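In what follows, a single structure is set out as C-alpha cells and then discussed.
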Amino acid sequence: MPIQIANQLPAVVTPHQTWSNANGENPAPVVRHFETNVTLIFDPPLPSGLVPGKGDLYVSESQLIWFNPATSTSISIDYPSIVIHAISRNGDSMTGGKPCIYAQLDSPAQVKSTDDDEEEATAEFWLIPDNLSSLDAVFQALSDCAALHPDPDAEDDDEDEEGNGWIYSADDAQELNELQQAALDHLDSVFDGPNPMANFSNGHNVRSPDQFRDADEDMER
C-alpha cells in the first residue's frame with residue numbers, strides 16, 4: 001500500500017544511533033531529516049476520514065513518515081508512490097499562501113462527482129513546516145531518499161515503450177496522452193508561476209528559481 005496509517009511510530013533510528021549501535025544486526029531505517037510542527041494536508045482527503053493536522057516529520061530512508069505524538073497516529077508514504085515533489089515558495093489555496101513541499105501520488109483517488117458517480121482525481125499532499133527555513137533541508141532529504149527507491153518498472157518501460165515517456169524534444173515532437181496532459185494542466189492550476197513539469201511538453205528547460213525547484217534541478221548542483 002502506498003499509504004499506511006498506524007497507531008504507533010514505525011521503527012526508525014537517527015544516523016548517530018545507527019553508528020553507535022552497529023552490531024551486525026539489520027538496523028531500522030535511518031532518518032535523513034527530522035522536523036517538528038509540520039502540517040500535512042491531503043486532497044482528496046484520506047478515505048478513512050483522518051485529518052492529519054500538525055505533527056513530526058521523519059524523512060527516513062524507507063518511507064516518508066508523519067507522526068502525531070499526541071494521538072500516536074502515524075502516516076507512512078512509500079517513496080515510489082510519490083511521482084512529483086517540489087518546493088512551492090508562494091504556496092497555494094490549500095496552504096493559505098504558506099510556502100510548502102507539494103507532492104503528487106501515482107494512484108488517483110476516487111471521489112464523488114456532482115451526480116454521485118465516482119470519478120478519478122489527482123491525489124496530492126502538502127507539507128507545511130512551521131519553520132519555513134527548513135524547506136530546503138526537507139526537500140533535499142526527500143529527494144535523496146526517493147532516489148534510493150527507483151521505479152522497478154522504469155527500465156522495462158524504457159525498453160518496451162521507448163518514446164512514450166514524459167521527455168520530448170523539439171526535433172521529435174509528440175503529443176501528450178490525456179493522462180500526461182491532465183497532470184500538466186493540474187500543475188498549472190497549483191502553481192502561480194511555471195509548473196515543474198512544463199518544460200517536458202515543449203522541449204525547453206525554463207524554470208523559475210524564485211517559485212520552486214524540483215528534484216532534477218537540485219541533483220544537478
Side-chain angles (χ1 to χ4, degrees), residues 1-5 38-53 57 59 63-66 75-128 135 138-139 142-143 145-146 149-154 157 161 164-168 174-202 207-208 211-218:
M1 294 291 292
I3 299 178
Q4 298 95 42
I5 300 175
V38 178
T39 299
L40 173 60
I41 301 173
F42 284 97
D43 187 50
L46 294 173
S48 64
L50 173 65
V51 178
L57 184 69
V59 186
Q63 292 176 309
L64 181 66
I65 302 168
W66 177 92
I75 299 176
S76 303
I77 305 174
D78 293 338
Y79 288 115
S81 68
I82 304 174
V83 294
I84 296 173
H85 68 280
I87 293 178
S88 176
R89 299 294 183 187
N90 298 329
D92 58 22
S93 60
M94 294 296 295
T95 68
K98 295 180 180 178
C100 64
I101 300 290
Y102 167 81
Q104 282 187 9
L105 299 174
D106 63 351
S107 300
Q110 298 294 326
V111 298
K112 291 287 187 179
S113 63
T114 53
D115 54 3
D116 289 333
D117 292 331
E118 286 195 347
E119 59 184 25
E120 291 187 348
T122 302
E124 309 163 287
F125 68 89
W126 292 257
L127 296 168
I128 310 104
L135 273 176
V138 172
F139 174 84
L142 200 164
S143 299
C145 291
H149 301 268
D151 185 352
D153 299 324
D157 290 344
E161 301 179 12
N164 290 334
W166 282 91
I167 302 177
Y168 299 92
Q174 302 183 43
E175 292 185 1
L176 298 175
N177 63 38
E178 292 183 2
L179 180 61
Q180 292 169 338
Q181 187 60 58
L184 291 176
D185 293 341
H186 182 73
L187 284 175
D188 280 332
S189 70
V190 171
F191 294 98
D192 293 333
N195 75 58
M197 304 295 287
N199 59 297
F200 292 157
S201 64
N202 57 23
R207 296 187 175 101
S208 172
Q211 176 66 17
F212 60 84
R213 55 189 176 88
D214 64 13
D216 291 338
E217 180 184 7
D218 191 73

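Side chains are part of it too, since the values below use all heavy atoms of this structure and drop only hydrogens, waters and symmetry mates. No experiment lies behind these values; they were computed from the predicted model shown.
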Side chain proximity check, [X] to [Y], heavy atoms < 4.5 angstrom:
| X | Y | answer |
| --- | --- | --- |
| Asp43 | Pro45 | yes |
| Ile101 | Ile87 | yes |
| Val83 | Leu105 | no |

Write down the atom of [X], the atom of [Y], and the distance for their closest heavy-atom approach.
| X | Y | result |
| --- | --- | --- |
| Leu135 | Cys100 | CD2-C, 3.7 Å |
| Ala123 | Pro44 | CA-CD, 4.1 Å |
| Arg89 | Pro99 | O-CG, 3.1 Å |

Would you compute the distance between atom [atom1] of [X] and atom [atom2] of [Y] and round it to the nearest 0.5 angstrom?
| X | Y | atom1 | atom2 | answer |
| --- | --- | --- | --- | --- |
| Met94 | Glu124 | CE | CD | 7.5 Å |
| Phe125 | Ile3 | CZ | CD1 | 7.5 Å |
| Trp126 | Thr39 | CH2 | OG1 | 13.5 Å |
| Thr95 | Ile41 | OG1 | CD1 | 7.0 Å |
| Leu40 | Ile77 | CG | CD1 | 6.0 Å |
| Leu50 | Ile75 | CG | CD1 | 4.5 Å |

Derivation and outcome, side chain to side chain contact (heavy atoms under 4.5 Å, CB included), residues Val59 and Leu64: CA-CA 5 Å; Val59 186; Leu64 181 66; 3.9 Å; yes
Residues at least two apart in sequence or cross-chain that pass side chain to side chain contact (heavy atoms under 4.5 Å, CB included) with Ala146, listed by chain then number, are Tyr79
